[in-house]
Amino acid sequence: MPHADLPPLNDREYRKLLLTLTLNSQQLDLLVAITDDRNLQDQLITAYEADLRDQGIAPLRARLDPKRPSLRATLEELVAQTPALQAGEPAVVTVLNAGELLGVRLSDEKSEQEKFFFSLQWTREALRNFAFPIVLWLPDAVATRLAQQAPDFWSWRGGVFEFLAEVRVPEQGGMVPVPTREVGTEAAGSLMAIEDLQQQIAQLEQTAPESPLLITLYNNLGKAYSDKYNYQQALELHEKALALAETKTDPAEQAKSLRNLGDALRDCGRPFQATDYYQQALSKYRELGARKDEEKTLNRLGLAFEDLGQYPQAIEHYQQSLIIAKEISEHRGEEASLSNLGNVYFLLSQYQQAIEYHQQSLVIAREIGDRLGEAASLANLGSAYLSLGQYQQAIKYYQQALVIARENGGHLTNANFLGNLGAAYGLQGQYQQAIEYHQQSLAIAREIGDRRAEATSILNLGKGFAKVGQKLDARQAYKAARALFQDMGLREEVEKCVAALYDLGLIVVVEPYQAPVLDDPQHE
């Protein structure tokens with residue numbers, strides 16, 4: 001990857017990493033590289049391996065075995081198979097697969113990740129036999145746990161290099177349309193107010209602390225907190241529900257709580273950890289023969305893999321979900337799987353394929369009378385046509401989606417579709433009209449109290465202001481959006497705001513000078 005293709009912060013980290021590897025190519029040095037973006041990780045590894053080859057240093061790769069997650073054993077096996085390492089020639093070893101060890105212990109048995117951390121804690125002396133630098137790639141969640149659970153190993157590291165997920169923004173207009181992702185396999189249903197749920201839980205905890213009803217109440221309250229972006233509270237409640245379900249030996253409620261934990265983790269930007277909970281839930285649903293819940297959970301796993309940028313895995317899970325939905329005549333699940341397949345092909349820039357899936361999803365939504373699902377499919381078609389540069393066709397679909405959402409009380413979808421319309425006009429260079437749509441989107445987001453939609457609308461407004469030369473307004477908007485995203489713990493969105501502020505900082509912004517009034521007594 002040419003250095004010019006990297007954002008400044010990542011470029012600086014890359015240069016530091018490459019320099020460290022070059023200087024220490026014939027001695028042991030343990031380096032930790034952190035990123036949650038799998039595509040970025042692959043690009044960076046390919047880049048430094050090419051740079052190392054140019055300097056006569058052999059780049060090698062080793063993969064941790066999930067069944068035997070030992071760093072020492074992995075490296076010993078590599079050395080045994082590589083004459084260049086045995087001869088002490090300059091080399092660098094990149095260690096992969098640590099991100100797959102995201103097991104979370106929910107029983108007395110140690111997870112594969114815990115076994116890995118335990119082995120690392122006693123690895124320091126054993127690694128001294130290796131005369132080459134080691135680059136251990138980790139997602140942020142694993143790196144945090146590594147520092148906590150293997151402090152001796154962590155203290156021995158030679159350096160930590162953190163790479164932020166790349167923010168990809170089209171050149172035209174600078175506003176990114178976000179496809180509406182519709183899971184669609186659960187009845188919407190309005191959750192009880194948080195206060196009511198809290199009261200019911202408090203009463204039951206006092207009078208019947210072992211009541212199975214508490215499992216349902218904990219899960220419902222957890223979902224209510226997730227809707228308010230209070231993810232820590234949500235996670236704690238879903239964990240309480242899971243613990244109680246385990247004491248009751250209720251596998252159905254265990255599976256439900258596991259899936260809810262996955263939802264909360266994915267919502268707060270931790271899809272690596274979410275996949276583990278989803279997979280555990282999936283296993284339980286399969287044991288129970290609960291086909292409908294199996295289909296739902298496969299869709300959730302697909303969404304998590306999509307968030308990770310692992311699109312082939314996402315497609316595989318969506319297709320499995322689609323097969324089951326057809327077999328059991330679960331039309332909402334079929335609609336959702338088709339919609340999600342359309343979205344992942346959209347992200348792969350295979351827009352014609354995306355259009356085909358969204359058209360199929362649209363047909364089913366209309367057949368079953370799912371009006372909001374119909375609006376979502378129309379909006380997704382709009383995004384695909386927008387990416388093909390067919391702006392008028394995109395606007396037509398967005399406007400149709402907006403009409404349906406307004407007729408059916410879809411307030412959040414109203415905000416999203418208005419934002420999409422703003423993006424469409426922005427990509428055409430009609431920035432003032434784009435700003436007007438984003439302002440409407442912001443008004444609805446604030447009216448319904450949706451902070452994430454509010455922050456997204458403010459961020460888009462900032463981009464519009466930047467395009468029309470209102471740099472001070474743009475800066476204010478970016479900072480306001482960043483503050484909201486930080487408060488919700490949405491790190492990737494914070495990074496987008498930071499990147500926008502950085503780009504804005506490349507342009508000199510001068511505060512307007514207010515000339516003094518001659519007859520003002522303060523200036524006499």
Side-chain angles (χ1 to χ4, degrees), residues 169 173-184 188-191 223-224 226-231 267-269 303 339 343 346 358 365 370-384 386 394-427 430-465 473-474 476-478 480-485 487-488 490 492-494 496-497 500:
V169 179
M175 295 178 221
V176 184
V178 181
T180 306
R181 302 202 297 184
E182 175 62 48
V183 175
S190 58
L191 291 171
K223 287 183 179 180
S226 280
D227 288 343
K228 297 292 185 183
Y229 308 111
N230 190 336
Y231 299 118
D267 286 343
C268 69
L303 289 170
S339 179
N343 285 333
F346 174 92
H358 288 312
D370 180 6
R371 294 287 280 164
L372 289 179
E374 180 183 353
S377 295
L378 288 165
N380 284 329
L381 283 165
S383 296
L386 189 67
I395 288 171
K396 182 183 79 172
Y397 278 117
Y398 285 147
Q399 288 174 334
Q400 289 178 36
L402 184 61
V403 169
I404 293 172
R406 283 174 171 165
E407 289 175 351
N408 291 270
H411 298 299
L412 179 55
T413 48
N414 276 343
N416 291 337
F417 298 159
L418 285 163
N420 285 342
L421 277 165
Y425 282 105
L427 288 168
Q430 299 179 38
Y431 303 121
Q432 199 56 53
Q433 196 151 2
I435 288 171
E436 290 173 10
Y437 276 113
H438 289 310
Q439 286 171 331
Q440 292 179 52
S441 175
L442 175 60
I444 292 174
R446 285 176 170 165
E447 180 184 342
I448 64 176
D450 191 300
R451 294 166 66 216
R452 184 166 189 166
E454 178 184 358
T456 300
S457 298
I458 294 172
L459 175 59
N460 285 333
L461 269 173
K463 293 174 182 177
F465 289 142
D473 289 335
Q476 272 191 322
Y478 291 152
R482 181 181 63 184
L484 281 169
F485 285 131
D487 192 44
M488 289 180 277
L490 299 173
E492 283 192 18
E493 303 305 315
V494 172
K496 291 179 184 178
C497 298

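On a predicted model such as this, the values are computed, not experimentally measured, just so you know.
Among all heavy-atom pairs drawn from Ser441 and Ala415, the shortest one is OG-O, 2.7 Å. Across Gly422 and Ala434, no two heavy atoms sit closer than the pair O-CB, 3.1 Å. Closest of all the heavy-atom pairs between Ala401 and Ala375 is CB-O, 3.3 Å. When all heavy atoms of Asn420 and Ala379 are compared, the closest pair comes out as ND2-CB, 4.3 Å. Heavy-atom minimum distance, Cys497 versus Leu459: SG-CD1, 4.1 Å. Nearest heavy atom pair, residue Ala477 against residue Gly462, reads CB-CA, 3.6 Å.
Residues passing the side chain to side chain contact (heavy atoms under 4.5 Å, CB included) test with Gln440, sequence neighbours excluded: Arg406, Leu418, Tyr437. With sequence neighbours left out, Lys228 forms a side chain to side chain contact (heavy atoms under 4.5 Å, CB included) with Ile194. Scanning for side chain to side chain contact (heavy atoms under 4.5 Å, CB included) contacts around Ala455 gives Leu484, Phe485, Met488, with sequence neighbours left out. Qualifying salt bridge (charged side-chain N to carboxylate O under 4.0 Å, His left out) partners for Asp487, counting only residues two or more places apart in sequence or in other chains: Arg451. Every side-chain hydrogen bond (donor to acceptor under 3.5 Å, both in side chains) that Arg446 has, sequence neighbours left out, goes to Glu454.
Considering CZ of Phe417 and CD1 of Ile444, their distance stands at 11.0 Å, rounded to 0.5 Å. Here CD of Glu436 is found 12.0 Å from CG of Leu421. Values are rounded to the nearest 0.5 Å. How far CD1 of Ile435 is from CG of Leu461: 7.0 Å, rounded to the nearest 0.5 Å. The line from CZ of Phe346 to NE2 of His358 is 8.0 Å long, rounded to the nearest 0.5 Å. A distance of 8.0 Å separates OG in Ser457 from CG in Asn416, rounded to the nearest 0.5 Å. Here the NZ atom belonging to Lys463 is positioned 13.5 Å from the CD1 atom belonging to Ile458, to the nearest 0.5 angstrom.
Side-chain atoms of Tyr425 and Ile395, non-hydrogen and from C-beta on, do get closer than 4.5 Å to each other.
Listed for the Tyr398 side chain is a donor-acceptor partner under 3.5 Å among the backbone atoms of Ser383.
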